[in-house]
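Here's the structure we're looking at; comments come further down.
Here is how names work: the chains are called A, B, and so on, in the same order as the sequence lines, proteins then strands, and each is numbered from 1.
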Amino acid sequence: MAKTVYDPHTLEPKWQAIWDERQAFRTPSDPAELASKPKFYVLDMFPYPSGAGLHVGHPEGYTATDVIARLKRMQGHNVLHPMGWDAFGLPAERAAVREGEHPATITGRNIDNFRRQIKRLGFSYDWEREVSTCSADYYRWTQWIFLKLYERGLAYMAEVPVNWCPALGTVLANEEVKDGKYVETGDPVERRNMRQWMLKITVYAERLLADLDPLDWPEHVKEMQRNWIGRSEGAEIIFAIAGGDHSFDVFTTRPDTLFGCTYCVLSPEHPLVALITTEAQQREVEAYVAEAAHKTDLQRTDLAKEKTGVFTGAHALHPVTGEPVPIWVADYVLMSYGSGAIMAVPGQDQRDWDFAEQYGLPIVRTVQPPDGFDGQAYVGEGPAIHSDFLDGLEIPTAKARMIAWLEEHGAGNGRVEYRLRDWLFSRQRYWGEPFPVLHAADGEVIPLDYDALPVELPPVDEYKPTQDGQPPLARAGSDWLEVTLPDGRKATRETNTMPQWAGSCWYYLRYLDAHNTELPFSPEAEKYWMPVDLYIGGVEHAVLHLLYARFWHKVLYDCGLVSTVEPFQKLFNQGMILAYSYQDTQGKYYHPDEVEERGDKLFAGAVEVSTQIEKMSKSKLNVVSPDDVISEHGADAMRLYELFMGPLEQQKPWQTTGVEGVYRFLQRTWRLIVDEHDGKLAPKLTDAPAASEPELEKVLHKTIKKVQQDTETLQMNTAISQMMIFVNEATQAKTLPREIASAFLRVLAPYAPHLAEELWSRLGMENLIAHAEWPAYDEALCVDDTITIVVQVNGKKRDELSVPKDADRATLEQLALASEKAGRFLEGREPRRVIVVPGRLVNIVV
RNA sequence: GCGAAAGUGGCGGAAUUGGUAGACGCGCUAGACUUAGGAUCUAGUCCCGUAAUCGGGGUGGGGGUUCGAGUCCCCCCUUUCGCACCA
């Protein structure tokens with residue numbers, strides 16, 4: 001008489017093998033099969049396969065998408081649910097330098113580990129469509145799309161000021177730099193002029209902004225993209241320089257304040273600085289410009305409080321009055337925004353005010369501040385003053401009038417400016433996509449033919465820049481580097497590589513048709529599957545991957561290669577999973593296993609420690625590995641806990657005891673169907689109809705309804721609560737009709753698929769529960785016959801009444817007034833008003 | 001500084017359009033069954049008072065609207081996240 005307890009460790013590998021063998025999750029590609037059902041494309045942000053392996057944060061999103069994928073399949077959809085690897089990138093290259101192995105070897109090993117870990121969780125991915133951005137079959141098409149961009153004039157080389165990271169030996173995109181540091185490693189970044197590949201994302205600024213509105217995305221992500229694109233409306237104004245032919249443009253959002261412009265400022269990098277500086281000022285200006293050039297962005301922003309600058313000795317002519325206005329150089333004006341020059345209006349701009357005070361420049365108010373205003377620059381509403389033909393006008397009218405004047409007199413025009421810059425698209429790295437271009441000896445850039453792709457990464461002896469600062473690809477042999485053109489000219493290959501974001505710009509399209517050797521994807525597959533119906537991933541990509549991918553998608557749209565203007569219809573960000581960490585007063589961290597509770601204090605051995613919730617990190621000894629969780633409680637418990645912890649979008653701490661709770665729930669579910677003493681079916685299972693257990697039947701239908709709705713809206717924590725309620729009820733019930741058990745298992749199946757399959761087959765079902773039909777609920781069975789009504793006196797709860805569900809107002813009022821408990825609180829007073837909310841409560845007001 | 005989101009038991013978190021605050025789970029307490037329990041089952045568990053019935057208080061703080069506020073409005077505090085010399 002062998003005990004047969006719930007044992008995920010035998011049951012989970014068994015069902016995973018059966019799913020594999022039967023190709024249970026193969027996505028159909030046959031046109032007839034596709035046409036027969038509606039589609040659903042549910043996508044995860046594919047991971048970068050790091051050496052550290054998966055942490056419990058990854059599977060949170062993956063579990064949510066898997067539950068949705070399984071639900072949609074059961075509801076009769078063709079589901080596309082793929083997984084792949086964002087496999088080019090810096091860490092593998094650094095590991096290669098460290099360990100002396102090829103990045104491809106290291107990446108391959110990491111991918112194998114990630115795949116193994118992900119497969120243990122029983123996700124219903126179609127592994128036939130797995131993609132890896134570093135394989136030549138894939139990056140061939142990344143290069144192909146680059147050629148499309150080049151053809152359309154959207155890729156160009158230019159000598160531009162770039163973010164150079166000396167520690168990494170490469171340039172970085174604006175999006176990768178924050179506070180003058182590389183966002184991933186914190187290494188400082190400095191400004192340098194270099195000839196680099198750029199992508200004209202700015203051409204798409206307006207569309208990237210406008211097309212955000214209808215998307216079903218979290219509002220804060222849309223807002224972050226809007227801020228990043230940074231649209232502002234204003235005017236471009238031309239200032240001529242006194243006594244010369246030179247002139248410069250400024251951009252301003254406040255053309256109405258032009259009469260308050262008492263000086264102008266050029267950025268230290270502005271090309272005009274060297275041309276207009278007077279001899280007397282030359283030494284001082286040159287020293288200032290040189291100093292600014294040596295500052296990193298970090299230093300430049302750190303010193304933000306103290307404004308510095310020098311006078312060029314030159315004057316500009318005020319566009320309206322013709323008065324001379326001194327021109328200064330100051331590093332609070334950035335070359336990277338607008339035209340790198342400003343008209344300074346200290347009266348209405350605090351930065352200009354600070355600068356004017358420091359250097360004794362005049363201040364003129366052109367907007368009347370309210371009475372009693374004692375601040376410095378005034379930025380609020382008010383009528384124009386000291387402004388000639390604008391006097392008395394409110395700001396919006398004054399702006400329009402000034403723009404009209406400028407346009408009439410050829411002194412400027414209305415203009416929209418964006419914060420978004422063109423995307424710096426090349427890196428001095430080895431482990432990335434080679435550019436499909438050649439450079440002729442005369443400097444001509446020659447794109448390769450489409451049929452010359454892929455340009456494969458050549459072997460090199462070292463993954464470091466060369467002695468003379470060339471990118472690692474310059475180490476390749478001359479047989480790779482040197483090419484003879486059909487016309488006999490010599491050319492060399494581009495030695496920069498594409499940034500790590502390139503491959504992820506279009507991977508969701510490759511999944512549609514992952515083995516196509518003629519095209520990146522077929523038009524038929526694209527038409528059927530796009531757009532992505534649900535995309536889940538971390539918020540860290542809000543302005544990187546998600547902006548870049550939208551840009552490429554729009555280019556592909558303009559090329560007629562995709563049929564939707566946006567790739568991701570619905571986006572959802574899962575919150576980060578945190579963990580408790582333990583520290584003593586010295587700041588030393590202790591592993592959670594070492595910590596025990598004594599009284600109400602925590603100790604690690606003899607040392608008292610305090611606890612806090614932090615991001616998981618190796619150095620804090622608080623990383624939770626999915627492998628450990630699965631080894632202890634199984635994949636189903638892991639899946640369930642990931643979703644039961646709390647709302648998907650929220651940050652929340654991992655609690656080991658929480659996993660035990662859901663594990664117990666799975667055990668109770670097992671015992672509902674299986675008699676643990678002999679392994680046979682539980683004796684309480686009956687063949688009687690569901691209606692033989694009317695109370696349980698009602699709970700079942702409520703459960704189907706709630707789980708279905710909550711799953712669709714990604715409120716999976718409450719869906720799981722409801723399943724727990726069902727199992728608690730079913731455990732209490734005298735009998736369990738098979739009809740009810742069968743329906744419940746199908747509800748459970750998307751969440752705990754291994755256990756559901758096992759119990760389903762034990763009930764004698766032949767097919768896979770993964771392919772079973774989602775049960776329908778009966779609305780009539782979702783409401784109780786008798787409900788509890790609250791009786792309040794003056795808004796305070798005084799009694800509860802059990803009443804039929806359809807009791808009318810009059811009945812409820814009568815019953816409430818007859819309540820003895822409530823009556824006590826009336827203290828003989830006459831009800832002034834009685835409020836009846838059918839189905840809820842009766843409030844007696846005295 | 002600007003913008004956004006959020007503050008509910010010992011803990012994670014539930015609460016249709018404003019309508020029983022604390023679902024579900026953890027932890028804790030007591031009991032049962034056990035050779036044993038870090039297994040399982042049963043009961044209890046927001047706080048204060050009470051043997052209990054019951055009463056009072058309670059969703060960061062203060063005010064307001066309402067028969068009724070965790071939910072709506074105003075002010076303040078705290079936390080988290082973006083952006084930040086953007087002209």
Next on the checklist: In whole Å, I'd like the distance from the CG atom of L643(A) to the C1' atom of C24(B).
Outcome noted: 14 Å
Checklist entry - Separation of I613(A) atom CD1 from G7(B) atom C1', in whole Å? => result 14 Å
Next on the checklist: Counting the atoms with a prime plus P, OP1 and OP2 as sugar-phosphate, which does R226(A) contact under 4.0 Å by heavy atoms, base, sugar-phosphate, or nothing?
Outcome noted: nothing
Checklist entry - Which of these nucleotides, G13(B), A87(B), G27(B), is closest to any side-chain atom of I342(A)? => result A87(B)
Checklist entry - Thinking salt bridges, do K702(A) and D784(A) make one under a 4.0 Å N-O criterion? => result yes
Item to check | Whole-Å C1' distance, A69(B) and G64(B) | outcome: 11 Å
Checklist entry - With sugar-phosphate meaning primed atoms plus P, OP1 and OP2, does K797(A) contact a base, only sugar-phosphate, or nothing at under 4.0 Å between heavy atoms? => result base
Checklist outcome for this item: For U66(B), the nucleotide meeting Watson-Crick or G-U wobble distances (both under 3.5 Å) is none
Item to check | Distance, rounded to the nearest Å, where W654(A) contributes CH2 and C26(B) contributes P | outcome: 15 Å
Checklist entry - NA contact type, Q667(A), heavy-atom cut-off 4.0 Å: base, sugar-phosphate, or nothing? => result sugar-phosphate
Checklist outcome for this item: Rounded to whole Å, the CD-P distance (Q722(A) to G13(B)) equals 20 Å
Item to check | Interatomic distance where CG belongs to D799(A) and P belongs to U20(B) [whole Å] | outcome: 15 Å
Checklist entry - Within the structure shown, what part of the strands sits under 4.0 Å from K706(A) by heavy-atom distance: base, sugar-phosphate, or nothing? => result nothing
Next on the checklist: Could you tell me how far G31(B) sits from G37(B) if I compare only their P atoms? Round to whole Å.
Outcome noted: 13 Å
Checklist entry - In terms of side-chain geometry, is the basic nitrogen of K222(A) or D216(A) positioned less than 4.0 Å from the acidic oxygen of its partner? => result no
Checklist entry - For RNA chain B, whose closest nucleotide is more 5', that of S232(A) or that of V790(A)? => result V790(A)
Checklist entry - Which listed nucleotide (A23(B), G19(B), C11(B)) is nearest to the side chain of Q655(A)? => result C11(B)
Checklist outcome for this item: Applying the 3.5 Å cut-off to both distances, the Watson-Crick or G-U partner of C41(B) turns out to be G31(B)
Item to check | Span that lies between the C1' atom of U80(B) and that of C47(B), in whole angstrom | outcome: 29 Å
Checklist entry - So what does I835(A) touch, heavy atoms closer than 4.0 Å: a base, only the sugar-phosphate, or nothing? => result base
Next on the checklist: Please name the nucleotide paired to C54(B) by Watson-Crick or G-U wobble geometry with both distances under 3.5 Å, or report none.
Outcome noted: G49(B)
Checklist entry - What's the closest nucleotide to the K796(A) side chain, out of G57(B), G27(B), G13(B)? => result G57(B)
Checklist entry - What nucleotide among C11(B), C24(B), A84(B) has an atom nearest to a side-chain atom of Y580(A)? => result C11(B)
Item to check | The single option from W654(A), Y751(A), F665(A) passing ring pair (Phe, Tyr, Trp, His ring centres under 6.0 Å) against Y641(A) | outcome: W654(A)
Item to check | Same-atom distance (C1') from C77(B) to G68(B), integer angstrom | outcome: 28 Å
Next on the checklist: Give me syn or anti for G9(B), where syn covers glycosidic angles within 90 degrees of 0.
Outcome noted: syn
Checklist entry - Is the shortest side-chain N to carboxylate O distance from E417(A) to R231(A) below 4.0 Å? => result no
Checklist entry - Among the nucleotides G25(B), G13(B), C11(B), which one has an atom lying closest to any side-chain atom of F644(A)? => result G25(B)
Item to check | Sidechain N-carboxylate O distance under 4.0 Å for E779(A), K705(A) | outcome: yes
Checklist entry - If you look at every strand shown and take non-hydrogen atoms under 4.0 Å, does Q709(A) touch a base, only sugar-phosphate, or nothing? => result nothing
Checklist entry - Looking for any heavy atom pair under 4.0 Å, which part of the strands does E800(A) touch: base, sugar-phosphate only, or nothing? => result base
Checklist entry - Under 4.0 angstrom, heavy atoms only, what part of the nucleic acid is R671(A) near: base, sugar-phosphate, or nothing? => result sugar-phosphate
Checklist entry - So, the side chain of K620(A) versus the backbone of Y580(A): is there a donor-acceptor pair under 3.5 Å, distance only? => result no
Next on the checklist: Rounded to whole Å, please give me the gap between NE2 in H541(A) and C1' in G82(B).
Outcome noted: 16 Å
Item to check | Short side-chain N/O contact from Q225(A) to OP1 or OP2 of G82(B), under 4.0 Å | outcome: no
Item to check | Per N717(A) side chain, nearest of listed nucleotides A4(B), A14(B), G82(B) | outcome: A14(B)
Item to check | Test: E695(A) and K698(A) ion pair at under 4.0 Å | outcome: no
Checklist outcome for this item: Of G13(B), A87(B), G19(B), the nucleotide closest to the side chain of Q792(A) is G19(B)
Item to check | Rounded C1' spacing from U71(B) to A15(B) in Å | outcome: 10 Å
Next on the checklist: Is the distance from the ring center of Y663(A) to that of H633(A) below 6.0 Å?
Outcome noted: yes
Checklist entry - Taking the P atom of each, how far is C24(B) from U45(B), in whole Å? => result 12 Å
Item to check | Cation-pi check, K307(A) onto Y332(A) ring (under 6.0 Å, within 45° of axis) | outcome: yes
Checklist entry - Which part of the nucleic acid, if any, lies within reach of R798(A) when heavy atoms closer than 4.0 Å are counted: base, sugar-phosphate only, or nothing? => result sugar-phosphate
Item to check | Nearest-angstrom distance from the residue atom CG of N794(A) to P of A69(B) | outcome: 11 Å
Item to check | Pair assignment for A87(B), Watson-Crick or G-U wobble, requiring both distances under 3.5 Å | outcome: none
Checklist entry - Under the salt bridge (Lys or Arg N to Asp or Glu O under 4.0 Å) criterion, do D249(A) and R415(A) qualify, and how do the steps go? => result CA-CA 12 Å; D249(A) 297 340; R415(A) 181 184 163 138; 6.0 Å; no
Item to check | Short side-chain N/O contact from N728(A) to OP1 or OP2 of G25(B), under 4.0 Å | outcome: yes
Item to check | Candidates C24(B), C54(B), G57(B) - which lies nearest the side chain of K821(A) | outcome: C54(B)
Checklist entry - For D352(A), which contact category applies under a 4.0 Å heavy-atom criterion: base, sugar-phosphate, or nothing? => result nothing
Next on the checklist: Counting the atoms with a prime plus P, OP1 and OP2 as sugar-phosphate, which does D349(A) contact under 4.0 Å by heavy atoms, base, sugar-phosphate, or nothing?
Outcome noted: nothing
Next on the checklist: If you assign each of G658(A) and G795(A) to its closest nucleotide in RNA chain B, which residue comes earlier from the 5' end?
Outcome noted: G658(A)
Item to check | Closest listed nucleotide, where the reference is the side chain of V333(A) and the choices are A87(B), G13(B), G25(B) | outcome: A87(B)
Next on the checklist: I'd like the P distance from U17(B) over to C73(B), given in whole Å.
Outcome noted: 15 Å
Next on the checklist: Considering every strand and a 4.0 Å limit on heavy-atom distances, what is the contact class for V845(A): base, sugar-phosphate, or nothing?
Outcome noted: sugar-phosphate
Checklist entry - What does G12(B) pair with, Watson-Crick or G-U, if both distances are under 3.5 Å? => result C24(B)
Checklist entry - Is there a side-chain polar atom (N or O) of R664(A) under 4.0 Å from OP1 or OP2 of G38(B)? => result no
Next on the checklist: Under 4.0 Å, counting only non-hydrogen atoms across every strand here, what does Y641(A) touch: a base, just sugar-phosphate, or nothing?
Outcome noted: nothing
Item to check | L841(A) side-chain proximity, nearest of A14(B), G27(B), G19(B) | outcome: G19(B)
Checklist entry - Roughly how far apart, to the nearest Å, are C26(B) and G38(B) at atom C1'? => result 15 Å
Item to check | Complementary nucleotide for U80(B) - Watson-Crick or wobble, under 3.5 Å | outcome: A4(B)
Next on the checklist: On the nucleotide G13(B), are OP1 or OP2 found under 4.0 Å from the side-chain N or O atoms that Q650(A) carries?
Outcome noted: yes
